[in-house]
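Just so it is clear, the values below take in all heavy atoms, side chains as well, and ignore hydrogens, waters and symmetry mates. For reference, positions follow the sequence shown, starting with 1.
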Amino acid sequence: MKQLLIKNAQIINEGRTYTGSVLVKGDKIAAVYEGAVPPEAMGGGQVIDATGKWLIPGAIDDQVHFREPGVTHKGDISSESRAAVAGGVTTFMDMPNTNPQTTTLAELEWKLNRGAETSAANYSFFFGGTNDNMDEIRKVDPTRIPGLKLFLGSSTGNMLVDNPATLETIFGEAGMLIAIHAEKEEVIKRNKAHYVALHGEELDITFHSKIRDEEACYESSAEAVALAKRLNTRLHILHLSTAKEMELLDNSLPLSEKQITGEVCVHHLWFTDADYATYGNRIKWNPSVKTLADREALIEAVNNNKIDIVATDHAPHLLSEKEGSCLKAASGGPLVQHSVVAMLELAKQGRFTVEKVVEKMAHMPAELFKIDRRGYIRPGYYADLVLIDPEANWTVGKENILYKCGWSPFEGYTFHHKVLRTFVNGQQVYNNGVIDDSIRGMEVAYLV
């Protein structure tokens, strides 16, 4: 059995940082040592001296759009998973708004097979809910998917679920975690009509946050929370973006006891509506980036555990598709290669501890979705590990971007942490700029 020893690292895991070593045998962690490495761990296999480097569990991203099948000119499972492992993300959960949509068992199976063929990271795929696929939902094996995704506001892919009777049935009968995109369509349409009447169709990007505003987010989230509480549904609210929505979340319970959980994405912790002047449509997302006060409330909610996990909503588009008015430019952007370093940058700025970053990007996603043996540096767990240089300055540029779309909202920014090596199931898939294209991730298993 292949053996690997990563020694003398600063291990950041389970709320602690300490000098230690990790022994990997095959695809799993065999032992974790604090302090000196015992002699029996030194025999045979590869040894990496990680003195001065950080070792963290690989990040688990619960919301990506890798664009396959159907829109692979923007990205595909191969290209975007390569970007993911280069960024320290070892496991992803892909969304169903592809073409065709992942709303039948046959389409889910196609994606799982494609992941096995091409993904450099561990892979899984949400099943999509529509106004008329309840029969398919009932057939899904819950150990093979993270949950059911519902779009309660229209976004890329036209999967809006807006029939009250359908929502009642899905929330009452799905029997699995339901993850939602929460923006209220009526509010968005009303706001859009108002601003178009005042200013015409050619609205610039600054109107995006006025159209997809706080009210649109809060009303949709609040209605979903009320329905979930009434029907005892396990609800997960994706990409929270407003201070007001924090009223809907609870930090008095441990994550294992929560029925309502929440995710925030890196861009809502980094950008505000004031940044439209600099970045324009490059930071056009649904939900929109909001005010500085909203961003501060989201950061506080990560720290006080009202928000449970941090992810990306990685959603690549070509820059040509991001052009035009705020009504025409595509919403979404690529993030998965830069999410871990961006969060560590915020930690360097004093917004989070590095232990909190690891908790929200690795530990809590594993707990929230009940993933089998991932998200921690523990004996018996899969060896999804990331080695980071905490003192390496590097600037994001075209030459080091791995997204198929070829750009990043972080272009020109100099980060102060660098992913050096990434291990997926004990195999080194990324090493200082070089990806081993022979390595494939595993299908993620969920405990139910």
Side-chain angles (χ1 to χ4, degrees), residues 2 4 6 9 22 24 26-27 45-48 50 53-61 64-68 72-94 111 113-125 266 311-312 314-316 333-344 361-362 374 382-389 392 394-408 410-411 415 417-444:
K2 189 176 179 181
L4 165 69
I6 304 172
V22 173
V24 176
D27 60 2
Q46 182 183 8
V47 177
I48 296 172
K53 307 301 187 289
W54 294 353
L55 187 66
I56 66 172
I60 298 171
D61 195 331
V64 303
H65 302 264
F66 281 179
R67 304 303 193 199
E68 190 171 7
T72 53
H73 68 283
K74 306 172 193 274
D76 55 49
I77 291 169
S78 174
S79 66
E80 306 313 284
S81 67
R82 292 168 89 255
V85 296
V89 175
T90 55
T91 297
F92 66 83
M93 306 173 201
D94 185 66
K111 273 192 173 180
N113 289 336
R114 189 64 172 161
E117 293 168 0
T118 69
S119 181
N122 303 310
Y123 54 89
S124 64
F125 303 92
V266 171
T312 65
H314 171 87
L335 282 166
V336 76
Q337 187 182 345
H338 302 101
S339 57
V340 171
V341 291
M343 287 299 293
L344 293 175
M361 298 189 83
R374 300 192 191 277
Y382 289 101
D384 298 334
L385 302 167
V386 179
L387 197 62
I388 289 171
D389 187 337
W394 66 286
T395 302
V396 179
K398 299 288 187 190
E399 71 281 358
N400 52 42
I401 290 171
L402 295 183
Y403 310 127
K404 195 173 187 179
C405 66
W407 66 277
S408 165
F410 292 115
E411 273 177 76
F415 286 111
H417 307 78
K418 187 175 186 179
V419 175
L420 295 180
R421 301 175 189 250
T422 301
F423 300 86
V424 172
N425 305 309
Q427 299 185 85
Q428 183 173 269
V429 65
Y430 177 80
N431 181 12
N432 202 23
V434 178
I435 291 177
D436 185 338
D437 282 319
S438 71
I439 292 172
R440 296 290 177 267
M442 292 172 60
E443 179 183 337
V444 178

Point to revise | salt bridge (charged side-chain N to carboxylate O under 4.0 Å, His left out) against Asp94, all qualifying residues, sequence neighbours excluded | key: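 Listed in chain order: Lys111.
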Donor-acceptor under 3.5 Å ([X] side chain, [Y] main chain):
{"X": "Ser81", "Y": "Ala120", "result": "yes"}
{"X": "Ser79", "Y": "Asp76", "result": "yes"}
{"X": "Gln337", "Y": "Asn400", "result": "yes"}
{"X": "Lys2", "Y": "Gly45", "result": "no"}
{"X": "Thr422", "Y": "Val85", "result": "yes"}
{"X": "Asn431", "Y": "Val434", "result": "no"}
{"X": "Thr72", "Y": "Glu68", "result": "no"}

Of the non-hydrogen atoms in [X] and [Y], which two are nearest, and what is the gap between them?
{"X": "Val24", "Y": "Gly426", "answer": "CG1-CA, 3.9 Å"}
{"X": "Val266", "Y": "Ala342", "answer": "CG1-CB, 3.8 Å"}
{"X": "Val89", "Y": "Val336", "answer": "CG2-O, 3.7 Å"}
{"X": "Pro316", "Y": "Cys405", "answer": "CB-SG, 3.8 Å"}
{"X": "Ala362", "Y": "Ile60", "answer": "O-CD1, 3.6 Å"}
{"X": "Asn425", "Y": "Met442", "answer": "ND2-CG, 3.3 Å"}

Taking side chain as C-beta onward, heavy atoms only, is [X] less than 4.5 Å from [Y]?
{"X": "His338", "Y": "Val396", "answer": "yes"}
{"X": "Arg82", "Y": "Asp437", "answer": "yes"}
{"X": "Leu420", "Y": "Tyr430", "answer": "no"}
{"X": "Gln46", "Y": "Ile48", "answer": "yes"}
{"X": "Met93", "Y": "Asp61", "answer": "no"}
{"X": "Phe423", "Y": "Leu4", "answer": "yes"}
{"X": "Ile77", "Y": "Phe92", "answer": "yes"}
{"X": "Arg421", "Y": "Asn432", "answer": "no"}

How long is the gap from [atom1] on [X] to [atom2] on [Y], to the nearest 0.5 Å?
{"X": "Leu387", "Y": "Lys53", "atom1": "CG", "atom2": "NZ", "answer": "7.5 Å"}
{"X": "Ser124", "Y": "Glu443", "atom1": "OG", "atom2": "CD", "answer": "8.0 Å"}
{"X": "Ile435", "Y": "Gln428", "atom1": "CD1", "atom2": "CD", "answer": "11.5 Å"}
{"X": "Ile388", "Y": "Ile56", "atom1": "CD1", "atom2": "CD1", "answer": "3.5 Å"}
{"X": "Asp389", "Y": "Lys418", "atom1": "CG", "atom2": "NZ", "answer": "8.0 Å"}

Exercise for review: Please lay out, stage by stage, how Met361 and Met343 fare under the test side chain to side chain contact (heavy atoms under 4.5 Å, CB included).
Suggested key: CA-CA 9 Å; Met361 298 189 83; Met343 287 299 293; 3.6 Å; yes
Practice item. Give a yes or no on whether the ring-centroid distance for His417 and Trp54 is below 6.0 angstrom. Key: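 Yes, close enough.
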Exercise for review: Would you check if the distance from the ring center of Phe415 to the ring center of Phe410 is below 6.0 Å?
Suggested key: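 Centroid distance Phe415-Phe410: below 6.0 Å, so yes.
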Practice item. Tell me yes or no: between the side chains of Asp384 and Asn122, is some donor less than 3.5 Å from an acceptor? Key: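 Distance-only check passes for Asp384 and Asn122.
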Point to revise | Arg67/Glu80 salt bridge by N-O under 4.0 Å criterion | key: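 So Glu80 does not pair with Arg67 through a salt bridge.
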Review point. Taking only residues two or more places apart in sequence, or in another chain, which ones meet Arg440 in a side chain to side chain contact (heavy atoms under 4.5 Å, CB included)?
Key: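 Testing Arg440 for side chain to side chain contact (heavy atoms under 4.5 Å, CB included), a comparison that skips the adjacent residues, returns none.
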Review point. So Tyr403 and His314, would you call those rings parallel, tilted or perpendicular, with 30° and 60° as cut-offs?
Key: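 Tilted, since the angle between the ring planes falls between 30° and 60°.
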Point to revise | side chain to side chain contact (heavy atoms under 4.5 Å, CB included) assessment of Val419 paired with Val386 | key: CA-CA 7 Å; Val419 175; Val386 179; 3.9 Å; yes
